[in-house]
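Note that this is a predicted model, so its numbers are computed, not measured. Letters A, B, ... are given to chains in the order of the sequence lines, protein chains preceding strands, and every chain is numbered from 1.
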Amino acid sequence: MQSFPDHSFSEIAENAEYSRKYTIGDSEYTALTDVFGDRSPLHVDEGYAIRSGFNERVMHGAILQGFLSHFIGCHFPGKRSLILSVSVDYRLPNYLGDEIEILARVRQKVETGKVVVLGLKFNNLTTGKLSASGKILVSIRDE
Amino acid sequence: MNKEEALAELQNIFDDIFLDEVTVTPELSANDVEEWDSLLHISLVVSVEERFKIKFRVGEVEATNNVGEFIDIILDRVNAAYV
């Protein structure tokens, strides 16, 4: 059985930072496109994307959300996490093959509901630029 | 900070969090606002702690009956920070 990181609410420290790297691979792109059917030309038609001012097909923003889901449930805080809300501001487009680092900083711990507020940065390590930023509220369940 | 100032700041927070317009008064309680469920309550507490730069103790927010009592705790915590 896969083991999961398991951070309790009391173990989590304000201002602590956690990070993990992901790659926008063909499998992530294809799976999201197929499962949800978002075949907007910006995402699937390279010529259209270039004519619209982008370098190539623009990857769906939801891919970052998918990475974030993995990050929260399987990396930090781990298996006790229950996501309450997410906000993400997309700043720059990502392209197929880009490497993304999620950097999360514990901005706030709130006793009510045992909630942690994480500030998020999605650093595109391929371009060296900030791709997106955001905030997530996660309830840390007792076990 | 006094009660009126705290109430005005709370109104700003409510405006950010709730979809429907809610007029914040000391008598207002969660029972008066359909949208005010447990999840929004957490969002409210998170925002209040952030904006007022305070921390609530376990259970003390839940023990309040209305916004007025909530403000009493906020002011107690805010003003203690400046003693």
Side-chain angles (χ1 to χ4, degrees), chain A residues 6-18 62 65 68-69 71-73 75-91 102-122 132-143, chain B residues 1 6-7 9-20 22 24 28-78 80-81:
Chain A
D6 183 16
H7 296 271
S8 68
F9 182 74
S10 61
E11 289 170 3
I12 297 172
E14 284 189 333
N15 295 314
E17 291 188 338
Y18 297 83
Q65 303 268 12
L68 179 61
S69 180
F71 183 93
I72 296 298
H75 182 59
F76 177 77
K79 67 178 185 178
R80 301 188 193 207
S81 302
L82 182 66
I83 295 173
L84 301 181
S85 76
V86 183
S87 65
V88 175
D89 297 320
Y90 299 104
R91 294 163 180 256
I102 294 182
L103 176 63
R105 184 175 69 86
V106 181
R107 284 172 40 173
Q108 197 178 350
K109 282 180 69 180
V110 179
E111 293 288 346
T112 300
K114 292 188 177 175
V115 169
V116 293
V117 181
L118 307 178
L120 302 169
K121 287 183 178 176
F122 297 82
S133 59
K135 185 172 95 168
I136 186 166
L137 270 63
V138 182
S139 177
I140 310 298
R141 297 176 297 109
D142 288 330
E143 285 199 340
Chain B
M1 175 176 279
L7 199 62
E9 188 59 33
L10 265 186
Q11 182 67 64
N12 292 333
I13 292 171
F14 272 64
D15 291 345
D16 286 345
I17 290 176
F18 288 86
L19 293 174
D20 295 328
V22 178
V24 182
L28 185 74
S29 75
N31 293 331
D32 301 322
V33 184
E34 187 179 354
E35 203 184 337
W36 193 339
D37 59 14
S38 58
L39 179 54
L40 275 192
H41 181 74
I42 289 173
S43 296
L44 182 62
V45 172
V46 167
S47 292
V48 168
E49 287 199 356
E50 186 178 27
R51 297 269 189 98
F52 289 91
K53 301 189 187 315
I54 58 174
K55 292 277 190 193
F56 295 113
R57 300 188 188 100
V58 179
E60 67 179 347
V61 177
E62 290 65 37
T64 61
N65 294 305
N66 54 37
V67 167
E69 293 181 14
F70 190 34
I71 287 177
D72 287 341
I73 300 175
I74 293 172
L75 288 177
D76 179 62
R77 217 46 48 80
V78 168

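Of the two parts of A:L137, only the side chain, counted from C-beta on, holds a non-hydrogen atom closer than 4.5 Å to a non-hydrogen atom of chain B. Both the backbone and the side chain of B:E50 come within contact range of chain A, each with at least one heavy atom under 4.5 Å from a heavy atom of that chain.
When the shell of 6.0 Å around CD of A:E11 is examined, it contains more than 12 heavy atoms from other residues, nucleotides or ligands. Surrounding NZ of A:K121 are at most 12 heavy atoms belonging to other residues, nucleotides or ligands under 6.0 Å away.
Put simply, the side chain of B:K55 never gets that close to the backbone of A:E111: no donor and acceptor are under 3.5 Å apart.
Considering only heavy-atom pairs separated by less than 4.5 Å from chain A, the leading option among B:V58, B:V46, B:L39 is B:V46.
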